[in-house]
Trainee: 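Questions regarding the structure given below will be posed in turn.
Quick note: numbers below take in every heavy atom, side chains included, and nothing from hydrogens, waters or symmetry partners. Residue numbers run from 1 in the order of the sequence given.
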Amino acid sequence: MSEVVNAGFPLLTATAVLPALGAIATAAVPAVRRTAAKWLALLVSLGTLVLAAIVLVRFEPGGDRYQLAESHAWIKDFGVRYELGVDGIGVALIALTALLIPFVILAGWNDADVQETGSKRWRPTQGFFALILMVEAMVILSFEATDVFLFYILFEAMLIPMYFLIGGFGDRAHAGTDEHAAAQRSYAAVKFLLYNLVGGLIMLAAVIGLYVVAGSFSLSEIAEARASGQLEMATTTERLLFLGFFFAFAVKAPLWPLHTWLPNAMGEATAPVAVLITAVVDKVGTFAMLRFCLQLFPEASKWATPVIITLALISIVYGALLAVGQRDIKRLVAYASISHFGFIVLGIFAMTSQGQSGATLYMVNHGISTAALMLVAGFLISRRGSRLIADYGGVQKVAPVLAGTFLIGGLATLSLPGLAPFVSEFLVLVGTFAAYPVAGIIATFGIVLAALYTLVLYQRTMTGPVKAEVSALPDLKARELVVVAPLIALLLFLGVFPKPLTDIVNPAVEHTMSDVQKQDPRPEVEAAK
């Protein structure tokens, strides 16, 4: 590699290399040193968080679109470059990823120990934490990649560690025999892999087609060529390429009707891995819609908007309705996430600045709120040994701190005013109402249904008479409080003061709006009589 654009310290590369090297080091820890492997993984994740914080501090919201740029020749014969750069949206999601991984590691501190076999060769604990760090490295690098081919490689490669995390480290609270539980985990992992691989293969065809048309994989080069008039895509070609990219991102997001892998994956995975899926990995799909679909194919994006908004509305209502009817706590959170991803996609394709700012904030705030709710639910499930809502009752009387944090996580999920997701959802709805009033009205039904499934879940698990099976449940321990308390604090802080986040995101949204040549609709005001 040569031809470095950024002559300074390669900060963006470092944010991905550190967890990647940490994953290798963690996997190499001797089998009998499980605790050392855990601490090593935690320290590496904290170091990555420090680097992400430096990226956040060094990023200038009013500066160039892509900052801290790095560019090296990679596969010269095919025009592939190792090219990185971050805008406000990428910076926010890098910060989210780096923030959540230490909590994921702490929450899953003992999740792999039960699978120890005594073999000196088999190291499931080391493997579990190494895979988490590898996912972190790939996700962060995907938020930084400005070369389409590089992004595609990362988009596909992150499926491998996720497959093993889902299939190899399942939920211990599974009903049925060990053989049945293993079969269910295997099914969920294979379904996750196949869905995303099919999407990735279709995207690969579109990536190749883009190179044939544009002669480059570089976002900046393609943008310059289009701005100067040197690159003009035929309408049909642009639409086909757009569909290839969007299909892959809609699977990853996930968007109805490509969503069915998510409830299986989240239901069978451990709670920390479920957080990794929906709060971290799935954000790559919605992020890519903003970075690649709208920027590379602006006309096709506008052409597809009515259909995509319809799919987003179906996701919102369908996901919420299925969440209402769930008997399994983790599957309820999974279907709720499908509904929330519908809001994110709706905000992106409303093509208004409020909608896209809200969608970006929603990605961040949904990650925090879902992590809080799912991790507390995981602590609850590990105590009782069951994921079924009917097996609980009266928990707030025996474990008030656990119940209180569960309530706050649930209220954040339904976007209660004063908590971070409210700001996101409000902006998405305002932006949608401005451009598509009917769609905005339909989307509000998702809010009503969210209140229903969240409050019913809390009522059935936490209130009422204390069931005998939960009468001896311990409250949250110190390690678990360290996991939950910062997430709750962030939900409160960003709920009353979102400005630090909006200041970073809004300039990037303005660039995206410029890409699609859209302006916010002016409100219609009747002339005074």
Trainee: I'd like to know whether Lys252 forms a side chain to side chain contact (heavy atoms under 4.5 Å, CB included) with Leu159, so could you lay out the CA-CA distance, the side-chain angles of the two residues, the decisive distance to 0.1 Å, and finally the verdict.
Mentor: CA-CA 10 Å; Lys252 183 84 79 178; Leu159 301 179; 3.5 Å; yes
Trainee: Looking only at side chains, do Tyr458 and Gln396 share a donor and an acceptor under 3.5 Å apart?
Mentor: yes
Trainee: Between Val333 and Met266, is any pair of side-chain heavy atoms under 4.5 Å apart?
Mentor: yes
Trainee: What closest approach, in Å, do Val80 and Phe149 show between heavy atoms, and which atom pair accounts for it?
Mentor: CG1-CD2, 3.7 Å
Trainee: Considering only heavy atoms from C-beta outward, does the side chain of Thr360 approach that of Leu501 to under 4.5 Å?
Mentor: no
Trainee: Run the side chain to side chain contact (heavy atoms under 4.5 Å, CB included) check on Ile166 and Ile277 step by step: do they pass?
Mentor: CA-CA 9 Å; Ile166 296 168; Ile277 295 169; 3.9 Å; yes
Trainee: For Leu402, is there any backbone N or O sitting under 3.5 Å from a side-chain donor or acceptor partner on Thr405?
Mentor: yes
Trainee: Using atom types as modelled and distance alone, determine if a side-chain donor or acceptor of Arg387 lies under 3.5 Å from a backbone N or O of Arg331.
Mentor: no
Trainee: Atom CG of Leu321 and atom CD1 of Ile338: how far apart are they, to the nearest 0.5 Å?
Mentor: 12.0 Å
Trainee: Counting only heavy atoms not in Arg479, do more than 12 fall under 6.0 Å of its CZ?
Mentor: yes
Trainee: Do any N or O atoms from the side chain of Ser339 and from the backbone of Tyr335 form a donor-acceptor pair under 3.5 angstrom?
Mentor: no
Trainee: Distance from Phe422 atom CZ to Leu491 atom CG, nearest 0.5 Å?
Mentor: 14.5 Å
Trainee: State, to 0.1 Å, how close Thr26 and Ala130 come at their nearest heavy-atom pair, and which atoms those are.
Mentor: CG2-N, 4.0 Å
Trainee: Say you draw a straight line from CH2 of Trp74 to CG of Asp147; how long is it, rounded to the nearest 0.5 Å?
Mentor: 8.0 Å
Trainee: Looking at Tyr392, is its backbone amide N or carbonyl O close enough to the side chain of Arg384 to form a donor-acceptor pair, meaning the two atoms are under 3.5 Å apart?
Mentor: no
Trainee: Does the side chain of Glu469 come under 3.5 Å of the side chain of Ser386 through a donor N or O and an acceptor N or O?
Mentor: no
Trainee: Go through His259 and Phe341 one step at a time and tell me if the ring-ring contact (aromatic ring centres under 6.0 Å, His included) criterion holds.
Mentor: CA-CA 10 Å; His259 67 284; Phe341 275 104; over 10 Å; no
Trainee: Verify whether one side chain among Thr278 and Thr370 offers a donor that lies under 3.5 Å from an acceptor in the other.
Mentor: no
Trainee: Testing the 3.5 Å rule here: is there a donor-acceptor pair between the side chains of Tyr195 and Thr260?
Mentor: yes
Trainee: Would you say the side chain of Lys330 lies within less than 4.5 Å of the side chain of Ile381, judging by non-hydrogen atoms?
Mentor: yes
Trainee: Answer yes or no: is there a donor N or O on one side and an acceptor on the other, between the side chain of Lys38 and the main chain of Trp109, under 3.5 Å?
Mentor: yes
Trainee: For residues Leu487 and Leu100, determine if any side-chain heavy atom of one lies less than 4.5 Å from a side-chain heavy atom of the other.
Mentor: yes
Trainee: Should Thr48 and Ile101 be marked as a side chain to side chain contact (heavy atoms under 4.5 Å, CB included) after you check the CA-CA gap, both sets of side-chain angles, and the distance that decides it?
Mentor: CA-CA 9 Å; Thr48 305; Ile101 295 301; over 6 Å; no
Trainee: Heavy-atom distance under 4.5 Å between the side chains of Lys283 and Val364, does that happen here?
Mentor: no
Trainee: Rounded to the nearest 0.5 Å, what separation is found between the CG atom of Leu373 and the OG atom of Ser337?
Mentor: 8.5 Å
Trainee: Quiz question: by atom type and distance under 3.5 Å, do the side chains of Tyr362 and Thr286 form a donor-acceptor pair?
Mentor: no
Trainee: Taking all heavy atoms of Trp261 and all of Val251, pick out the closest pair and write down the distance.
Mentor: NE1-O, 3.0 Å
Trainee: Please find the pair of heavy atoms, one from Pro254 and one from Leu262, that lie closest to each other, and give the distance.
Mentor: CG-CD2, 3.8 Å
Trainee: If we only count heavy atoms from C-beta on, is the Ile160 to Met134 side-chain gap below 4.5 Å?
Mentor: no
Trainee: For a ring-ring contact (aromatic ring centres under 6.0 Å, His included) with Phe155, tell me which candidate from Phe143, Phe245, Phe249, Phe287 qualifies.
Mentor: Phe249
Trainee: Flag the pair Lys467 / Val395 as yes when at least one side-chain heavy-atom distance between them is below 4.5 Å, and no otherwise.
Mentor: no
Trainee: Charged N to carboxylate O below 4.0 Å: is that the case for Glu480 and Arg383?
Mentor: yes
Trainee: Main chain of Ala52, side chain of Thr15: is a donor-acceptor contact present, judged purely on distance under 3.5 Å?
Mentor: no
Trainee: Could you give the distance from CD1 (Ile89) to CG (Leu361), rounded to the nearest 0.5 Å?
Mentor: 10.0 Å
Trainee: Could you tell me whether the side chain of Leu380 reaches within less than 4.5 Å of the side chain of Met462, counting heavy atoms only?
Mentor: yes
Trainee: Is it the case that the side chains of Ser45 and Glu136 hold a donor-acceptor pair, with the cut-off being a distance below 3.5 Å and no angle test?
Mentor: no
Trainee: Going by side chain to side chain contact (heavy atoms under 4.5 Å, CB included), Phe103 matches just one of Ile368, Val483, Val484, Val275. Which one?
Mentor: Val483
Trainee: Test side chain to side chain contact (heavy atoms under 4.5 Å, CB included) on Leu96 and Met363 and set out the steps.
Mentor: CA-CA 9 Å; Leu96 171 69; Met363 288 187 237; 5.7 Å; no
Trainee: Looking at Ala323 and Ala336, what are the two nearest heavy atoms and their distance?
Mentor: CB-N, 4.0 Å
Trainee: Between Ser315 and Trp256 (side chain of the first, backbone of the second, donor and acceptor by atom type, cut-off under 3.5 Å), is there such a pair?
Mentor: yes
Trainee: Sub-3.5 Å donor-acceptor pair from the side chain of Gln126 to the main-chain atoms of Pro30, do we have one?
Mentor: yes
Trainee: Of the non-hydrogen atoms in Glu268 and Ala188, which two are nearest, and what is the gap between them?
Mentor: CG-CB, 3.8 Å
Trainee: What is the distance from atom CG of Asn110 to atom OG of Ser382, rounded to the nearest 0.5 Å?
Mentor: 9.5 Å
